[in-house]
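Here is the structure we will look at, set down as structure tokens.
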Protein chains: 2
Amino acid sequence: MTEGAQFRQTVAGQRYEVFHTDCPARGVVDRVTSRWGIWVLISLRSNALRFYELRESIQGISEKMLAQTLRALVQDGLVWRTVEPTTPPQVTYGLTEFGREIDEPLAELFDRITRRLPPREAG
Amino acid sequence: MTEGAQFRQTVAGQRYEVFHTDCPARGVVDRVTSRWGIWVLISLRSNALRFYELRESIQGISEKMLAQTLRALVQDGLVWRTVEPTTPPQVTYGLTEFGREIDEPLAELFDRITRRLPPREAG
DNA sequence: CAGGATCCTATCCGATACTG
DNA sequence: CAGTATCGGATAGGATCCTG
């Protein structure tokens, strides 16, 4: 991971200092596109969800990874978290404005991939 | 990883059988959003590139991971590969139509994240 | 219910060396 | 140039147990 100057890439008609190892976007992108990040974000698209609702929505995720992923997304400002100090406690997660902004291309990405995939009738 | 019925999520106004562990989209999404997949795809956005050009474009990627990532993307039909049987050999990679389709939301995602990030003047 | 802590394994991934 | 093969360390991530 040697650092160094980085070429500028034109993305969507704009210039950025991209792909540089310490490009600040890299971290966020990595977390958004992490194994579970994308599914959490898409899950929260329509409405806020409780922890267990998220766990049940996203097949195959462990509690550990869900908690970990949520923590990262909250820290990045993509997801908010509210705690209802009841018994039992209720913790709800939802998308921030930034989160919704990010969610759009994410959902679009997912849609385009899904639309292209085996029509399922082959199975 | 117990299988089972999976809820249907509304994404971008459409219904899909999503998040199911063996949802075919999951694999492609995972590879597209893999650590290096997204950068390879964005790198190829403007034009096709040779292997070494890709390696130099994407800071921090190793030859192994580049080759591995490219192989996966070619297999998924997102990237094409042509070999010029010259000496030395020239191998070029570019986006297929599917690849370009996927690339749009990917670039948009990246743009939105970048736009939100530290204005850099703080540094 | 919502998680933190611990343990342990699978895989990711970089470094290096080698091939056509 | 464009890879493949192998090794080994780092990390991701699952399983389980425990707490407020």
Side-chain angles (χ1 to χ4, degrees), chain A residues 1-4 19-22 26-40 43-44 48-76 79-94, chain B residues 1-4 19-22 26-40 43-44 48-76 79-94:
Chain A
M1 280 288 195
T2 54
E3 309 297 322
F19 303 177
H20 196 290
T21 312
D22 55 25
R26 195 119 153 192
V28 180
V29 171
D30 277 355
R31 282 185 291 281
V32 167
T33 65
S34 72
R35 177 138 186 63
W36 300 111
I38 177 173
W39 305 115
V40 169
S43 292
L44 294 175
L49 292 174
R50 307 257 311 266
F51 186 84
Y52 81 96
E53 292 176 313
L54 276 169
R55 181 179 11 105
E56 278 160 33
S57 295
I58 305 168
Q59 268 252 328
I61 196 170
S62 67
E63 296 194 352
K64 174 183 168 181
M65 289 319 296
L66 179 54
Q68 189 173 304
T69 303
L70 282 169
R71 225 180 305 137
L73 294 177
V74 168
Q75 191 144 16
D76 281 338
V79 169
W80 52 256
R81 170 197 146 112
T82 46
V83 184
E84 219 77 34
T86 59
T87 313
Q90 294 202 357
V91 182
T92 309
Y93 296 91
Chain B
M1 281 288 197
T2 54
E3 308 298 323
F19 302 177
H20 195 294
T21 312
D22 55 26
R26 195 119 152 191
V28 179
V29 171
D30 277 355
R31 282 184 292 281
V32 167
T33 65
S34 71
R35 177 140 185 62
W36 300 112
I38 178 173
W39 305 116
V40 169
S43 292
L44 293 176
L49 292 173
R50 306 261 308 268
F51 186 84
Y52 81 97
E53 292 176 313
L54 277 168
R55 179 175 17 99
E56 278 161 30
S57 296
I58 306 169
Q59 268 252 326
I61 196 171
S62 66
E63 296 194 352
K64 174 184 169 181
M65 290 319 296
L66 179 54
Q68 189 173 304
T69 302
L70 283 169
R71 227 181 301 137
L73 293 177
V74 168
Q75 190 143 15
D76 282 336
V79 168
W80 52 255
R81 171 195 146 114
T82 45
V83 184
E84 220 77 34
T86 57
T87 312
Q90 295 203 356
V91 182
T92 309
Y93 297 90

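Order of the sequence lines sets the chain letters (A, B, ...), proteins ahead of strands, with each chain counted from 1. All values below were derived from every heavy atom in this structure, side-chain atoms included, with hydrogens, water molecules and symmetry-related copies excluded.
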Task: Check against side-chain contact (heavy atoms from CB on, under 4.5 Å), B:Phe51 and B:Leu70 - done: CA-CA 9 Å; B:Phe51 186 84; B:Leu70 283 169; 3.9 Å; yes
TODO: Go through A:Ile38 and A:Thr33 one step at a time and tell me if the side-chain contact (heavy atoms from CB on, under 4.5 Å) criterion holds.
DONE: CA-CA 5 Å; A:Ile38 177 173; A:Thr33 65; 5.9 Å; no
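Applying the salt bridge (charged side-chain N to carboxylate O under 4.0 Å, His left out) test to B:Arg55 and every residue at least two apart in sequence or in another chain returns B:Glu63. A search for salt bridge (charged side-chain N to carboxylate O under 4.0 Å, His left out) contacts involving B:Glu84 returns nothing, not counting sequence neighbours.
The CZ atom of B:Arg31 sits 11 Å away from the P atom of C:dC12 (whole-angstrom rounding). Separating the CD atom of A:Gln59 from the C1' atom of D:dG14 is a distance of 15 Å, rounded to the nearest angstrom. Taking atom CE of residue B:Met65 and atom C1' of nucleotide C:dT16, one finds them 16 Å apart after rounding to whole Å. Put simply, CD on B:Glu84 is 11 Å from P on D:dA2, counting in whole angstrom units. Going from atom CG of A:Asp30 over to atom C1' of D:dA10 covers 16 Å, rounded to whole Å. At whole-Å resolution of the value, CZ in B:Arg35 and P in C:dT11 are 19 Å apart. As a whole-Å value, the separation of B:Leu66 CG from C:dC12 P is 17 Å.
Between A:Leu54 and A:Leu44 the shortest side-chain heavy-atom distance falls below 4.5 Å. For the pair A:Trp39 and B:Arg26, the minimum side-chain heavy-atom distance is below 4.5 Å.
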- [ ] Determine, for nucleotides 2-10 of chain C in 5'-to-3' order, which nucleotides have protein heavy atoms under 4.0 Å from the base (write B), from only the sugar-phosphate (write S), or from neither (write -).
- [x] SBS-BB---
